[in-house]
Amino acid sequence: MSMDIDELMKRLFELYPEASNDAFKDPFFALISTVMSHRTRDDVTYPAASKLFEKFSTPEEMVRADVSEIEILIKDVGFYRVKAGRIKEISRLLLEKYDGRVPDDMEALLELPGVGRKTANCVLAHAFLKDALAVDTHVHRISNRLGLVETKAPEETEIELKKIFPQKYWRHINLLLVKLGQNTCRPISPRCKTCALDDICPKILL
DNA sequence: AAAACGGGGGC
DNA sequence: GCCCCAGTTTT
């Protein structure tokens, strides 16, 4: 028996109607905040990214800024020194190669420092509204718990999920499952009692 | 394939 | 005080 995907998505959209965050519609914010999010909880990442963009919000302002100033603004996130350097270098490359714009294709994004497949997919899905499916640890874990896939590597999860979900849903999956994963379907001690998906979840991998 | 990068928050 | 977290890069 396979899960009703339309029913699953209907419930997720009802749970998190605000999941299409307006801030991510700025490609530069989507890119930089996602680079900042690596191995860092999203409730720490977002405030730090917002604080950074209050001061510097364009590639021009980032390259002009002192690295130490960027470091101070984002110092709540993990790897903040490495990330501050990447933010400067990404900004420099955007100005040099793309006239200060964020490119909207996977290959170009992957050439930027600190940008891997997950980050590139997030930018394509959230900022450019492309049919990209970004798989992070939340998407990977929850997809397996729901019994949708039985996968080990995130790349494998992306391939399998694309077979299961209609293409129109792909770009929404990441933010919806991240939100579910943050407060309910947590990595450790998930709150199944109060989960809106409790009746359709087989609770695999708990 | 595995280690390294690194500060914050939950327990 | 210990362990894990919106991954990517390097060994």
Side-chain angles (χ1 to χ4, degrees), chain A residues 12 15-16 18-53 67-91 93 102 106-128 130 132-145 151-159 161 170-192 194 205-206:
Chain A
L12 287 171
L15 268 178
Y16 308 112
E18 79 294 357
S20 294
N21 193 327
D22 281 345
F24 292 148
K25 288 176 182 166
D26 171 10
F28 189 56
F29 182 85
L31 174 60
I32 298 302
S33 65
T34 308
V35 167
M36 286 174 61
S37 76
H38 300 170
R39 301 297 292 166
T40 302
R41 298 162 51 88
D42 60 323
D43 55 343
V44 174
T45 303
Y46 192 75
S50 300
K51 196 200 295 183
L52 174 65
F53 270 67
V67 190
S68 61
E69 203 171 353
I70 296 178
E71 286 181 0
I72 292 168
L73 288 166
I74 69 170
K75 78 167 186 51
D76 283 350
V77 305
F79 310 104
Y80 72 95
R81 267 184 257 266
V82 176
K83 288 170 183 175
R86 285 176 178 166
I87 290 169
K88 287 267 300 184
E89 179 63 5
I90 287 172
S91 301
L93 286 168
V102 177
M106 172 70 71
E107 257 190 57
L109 287 167
L110 288 178
E111 289 179 4
L112 300 171
V115 178
R117 189 166 185 84
K118 181 265 176 182
T119 299
N121 273 325
C122 277
V123 172
L124 293 173
H126 301 154
F128 294 116
K130 303 258 189 190
L133 205 170
V135 176
D136 52 43
T137 54
H138 286 302
V139 174
H140 181 67
R141 177 186 70 259
I142 295 173
S143 298
N144 276 281
R145 278 183 180 167
T151 52
K152 201 83 171 83
E155 308 79 43
E156 192 188 351
T157 305
E158 182 184 334
I159 293 170
L161 287 180
W170 292 0
R171 71 185 175 87
H172 299 288
I173 291 171
N174 178 263
L175 278 179
L176 290 170
L177 292 191
V178 164
K179 286 184 176 297
L180 182 69
Q182 181 184 347
N183 294 317
T184 306
C185 197
R186 304 185 300 179
I188 301 171
S189 55
R191 293 166 174 163
C192 301
T194 57
L205 298 187
L206 282 192

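Remember, predicted model here, so these are calculated numbers, not experimental data. Order of the sequence lines sets the chain letters (A, B, ...), proteins ahead of strands, with each chain counted from 1.
- Contacts between chain A and DNA chain B, taken as any atom within less than 4.0 angstrom of a protein heavy atom, begin and end at B:dC5 to B:dC11.
- Taking the C1' atoms as reference points, C:dC5 lies 14 Å from B:dC5, given to the whole Å.
- The closest side-chain heavy-atom distance from A:Lys83 to A:Thr40 is below 4.5 Å.
- A:Thr119 is linked by a side chain to side chain donor-acceptor pair (under 3.5 Å) to A:His38, counting only residues two or more places apart in sequence or in another chain.
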Q) If the sugar-phosphate is the primed atoms plus P, OP1 and OP2 and the base is the rest, what is the B/S/- string for nucleotides 4-11 of chain C, using protein heavy atoms under 4.0 Å? A) SBBBSS--
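- Pairs of residues two or more places apart, or lying in two chains, that qualify as side-chain hydrogen bond (donor to acceptor under 3.5 Å, both in side chains) and include a residue from residues 183-192 of chain A are A:Arg186-A:Ser189.
- A:Thr45 and A:Ser37 share no side-chain donor-acceptor pair at under 3.5 Å.
- Under the 4.5 Å side-chain criterion, counting only non-hydrogen atoms from C-beta, A:Val102 is in contact with A:Val123.
- Within 6.0 Å of CD in A:Glu107 there are 12 or fewer heavy atoms belonging to other residues, nucleotides or ligands.
- For the P atoms, the distance from C:dC4 to B:dA3 is 14 Å, rounded to whole Å.
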Can you list, pair by pair, the side-chain donor-acceptor contacts under 3.5 Å of residues 23-34 of chain A, counting residues two or more places apart and other chains?
from, atom 1, to, atom 2, distance (Å)
A:Lys25, NZ, A:Asp22, OD1, 3.0
A:Asp26, OD1, A:Phe28, N, 3.0
A:Ser33, OG, A:Phe29, O, 2.7
A:Ser33, OG, A:Ala30, O, 3.4
A:Thr34, OG1, A:Ala30, O, 2.5

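- The stretch residues 67-79 of chain A participates, sequence neighbours left out, in these salt bridge (Lys or Arg N to Asp or Glu O under 4.0 Å) pairs: A:Lys55-A:Glu69.
- The gap from the P atom of C:dT8 to that of B:dG8 amounts to 22 Å, rounded to the nearest Å.
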